[in-house]
Amino acid sequence: MTLKSIRGTKDILPADSAIWQAAEEAIRRVMMAYNYQEIRTPIFEQTSLFSRSIGELTDIVSKEMYTFLDRSEESLTLRPEGTASVIRAYVQNNLGEQSPLSKLYYVGPMFRQERPQAGRLRQFHQFGVEALGSSSPQLDVEIMLIPLEVYRSLGIKETTLFINSVGCPNCRPIYKKKLVGELQKIVNKLSPESQARLQQNPLRVLDSKDERDQLATNDVPLMKDFLCSECAAHFDGVQSALGALKIPFLINGRLVRGLDYYTKTAFEITSTALGSQDALAGGGRYDLLVEELGGKPTPGVGFAAGMERLMMVLQKTGSVQTKQRVPAVFIIGLDEQSRSWAFVKATRLRSLGIPVELDYLGRSLKAQMREANRQEAVHVLVIGDSELKSGTARMKNMKTGTEQLIELEKIEDALRSA
Ligand code: AMP
């Protein structure tokens with residue numbers, strides 16, 4: 001029996017890793033420009049961390065988590081998202097005491113047992129940030145700018161920014177009650193899934209993809225029209241900060257996001273280059289989460305963006321240049337002694353950071369030349385008995401076909417000037 005990878009997981013093969021690296025480099029460059037520092041948390045945590053923060057009734061917690069009992073019967077979960085772990089680490093390590101505003105970012109795998117489809121995996125990767133310690137609407141906008149800047153720097157143009165406000169514990173319960181009342185009037189027209197959600201998670205009915213729900217809820221009231229004065233002022237602040245930067249955005253009063261911890265701002269960035277799973281990134285403010293997880297009351301805002309979805313857009317639009325990684329020199333040894341010399345020399349050159357390749361398969365001169373060509377080596381150096389005796393050899397530039405006589409002791413100089 002041949003062993004296969006688990007459904008919904010993917011190998012990132014060498015042919016794809018250059019584009020991943022280019023994307024990760026762009027991400028790190030933008031994080032540096034915005035002054036965010038990397039945090040790496042474990043990929044598994046106590047189950048209660050996620051159920052408490054994301055919400056028992058959300059899709060993620062109620063049906064998608066990879067939860068298991070370890071050998072000491074402790075319930076553990078593979079992280080389905082990054083925020084809960086980052087906040088846990090922030091509280092546990094007293095990061096709030098080290099600086100009044102913590103700006104953290106992460107890149108890594110997340111796990112959700114969803115139905116696999118294009119753009120929806122069971123192990124996928126996210127990059128994201130969490131900024132903890134300020135309730136300024138400008139910071140909400142900074143959080144939106146980071147993924148937008150990553151996409152812009154990778155040449156991705158077709159993105160749309162949607163924003164909304166999901167209110168706070170002052171105004172949301174009043175709205176929720178109103179919404180449930182309205183939904184109850186049209187309950188028969190809703191999809192079975194939305195009917196089930198109506199009591200427990202009524203806001204999610206609004207962002208249902210089911211046409212029946214979309215039609216039926218066309219005229220229901222929206223949270224943005226029920227905001228308390230503080231939430232309304234914050235939402236205005238976000239819009240004017242976006243306006244000051246001339247960032248185009250659309251208000252989507254139905255945007256609620258699938259995690260319970262959001263307060264005030266919620267946003268999503270979509271791409272027309274994606275199919276039905278068109279969200280590239282999503283995020284928002286979560287002013288109560290730090291306290292909920294045992295820390296001092298600390299406002300927070302963040303986003304998470306899918307790496308695989310970013311790759312899908314990059315592959316479609318072909319807008320990223322990847323660095324070609326090829327050997328600067330392929331050293332061919334013609335006999336035992338020359339091979340041994342080549343091995344020592346290659347190690348020395350590599351320690352200087354010069355990419356070198358050798359043959360380890362005992363191939364003929366012709367076969368080694370073919371291999372050097374296949375690997376697109378810039379130079380080929382053929383070493384035999386006479387080269388070792390004379391201390392010189394001909395180094396061929398494979399692109400131009402020109403040859404140059406070099407001193408073996410000075411290969412590094414020759415490579416540097418070639
Ligand atoms: P979320 O944590 O659900 O807000 O998701 C944030 C982003 O992560 C989404 O906009 C997607 O780009 C990506 N994402 C979420 N779930 C998956 C998944 N199952 N497979 C691939 N990407 C995902």
Side-chain angles (χ1 to χ4, degrees), residues 5-12 16 20 23 27 41 43 49-50 53-55 57-66 77-87 105-130 143-144 146-148 150-151 154 156 158-164 166 201 203-204 207-209 252 254-263 265-286 289 300-316:
S5 61
I6 293 163
R7 206 163 105 85
T9 69
K10 244 188 184 168
D11 299 309
I12 299 164
D16 296 324
W20 276 76
I27 291 163
T41 62
I43 59 163
L49 171 66
F50 302 114
S53 57
I54 300 169
L57 302 173
T58 57
D59 283 353
I60 294 180
V61 173
S62 64
K63 32 186 200 209
E64 294 169 0
M65 293 203 307
Y66 279 100
T77 294
L78 299 184
R79 63 181 186 192
E81 54 105 54
T83 305
S85 310
V86 172
I87 306 301
Y105 82 91
Y106 59 85
V107 184
M110 307 294 162
F111 307 84
R112 294 182 197 171
Q113 192 163 7
E114 299 190 82
R115 192 170 58 80
Q117 52 180 294
R120 206 170 261 299
L121 290 149
R122 290 182 166 175
Q123 174 173 337
F124 58 100
H125 298 75
Q126 288 183 334
F127 68 98
V129 313
E130 317 297 344
I143 298 289
M144 299 172 193
I146 293 171
L148 288 173
V150 169
Y151 303 142
L154 289 167
I156 295 172
E158 320 77 358
T159 56
T160 311
L161 169 65
F162 292 99
I163 64 166
N164 193 22
V166 294
N201 208 348
L203 265 68
R204 289 301 317 267
D207 77 349
S208 161
K209 291 236 156 79
N252 175 2
R254 292 171 169 266
L255 179 67
V256 296
R257 317 226 349 99
L259 305 93
D260 277 0
Y261 51 61
Y262 288 114
T263 49
T265 313
F267 72 95
E268 205 157 81
I269 299 169
T270 62
S271 164
T272 48
L274 292 170
S276 63
Q277 302 298 325
D278 65 352
L280 272 173
R285 186 162 272 288
Y286 46 82
L289 185 57
V301 55
F303 79 84
M307 291 290 287
E308 281 78 3
R309 302 231 181 132
L310 169 57
M311 294 305 144
M312 284 166 78
V313 177
L314 286 177
Q315 268 147 10
K316 227 176 209 167

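When a ligand or atom number is given, it counts from 1 through the structure's own listing order.
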Please write down residue, atom name and distance for the protein heavy atom closest to [atom].
atom	answer
atom 21 (C) of ligand 1	G119 O, 3.3 Å
atom 11 (C) of ligand 1	R309 NH1, 3.4 Å
atom 19 (N) of ligand 1	E114 OE2, 2.7 Å
atom 5 (O) of ligand 1	Q126 NE2, 3.4 Å
atom 14 (N) of ligand 1	F124 CE1, 3.7 Å
atom 13 (C) of ligand 1	G306 CA, 3.5 Å
atom 10 (O) of ligand 1	A279 O, 3.3 Å

| Structural part of L280 in contact with ligand 1, heavy atom criterion under 4.0 angstrom | backbone
Could you tell me whether some N/O pair between [X] and ligand 1 is separated by less than 3.5 angstrom?
X	answer
A304	no
L121	yes
I60	no

For the [atom1] atom of [X] and the [atom2] atom of [Y], what is their distance to the nearest 0.5 Å?
X	Y	atom1	atom2	value
R112	K63	CZ	NZ	13.0 Å
I6	F111	CD1	CZ	10.0 Å
R309	Q126	CZ	CD	9.5 Å

| query | Is R79 reaching over with its side chain to a backbone N or O of P109, donor-acceptor style, under 3.5 angstrom? | reply | yes
| field | Proximity of F267 and Y262 rings by center, below 6.0 Å | value | no
| request: Using a strict cut-off of less than 4.0 Å between a Lys/Arg side-chain nitrogen and an Asp/Glu carboxylate oxygen, indicate whether E268 and R257 qualify as a salt bridge. | output: yes
| Side-chain H-bond candidate by donor/acceptor type, Y105 with E130, under 3.5 Å | no
| said: Given R112, R257, E308, identify the one with the heavy atom nearest to atom 2 (O) of ligand 1. | reply: R112
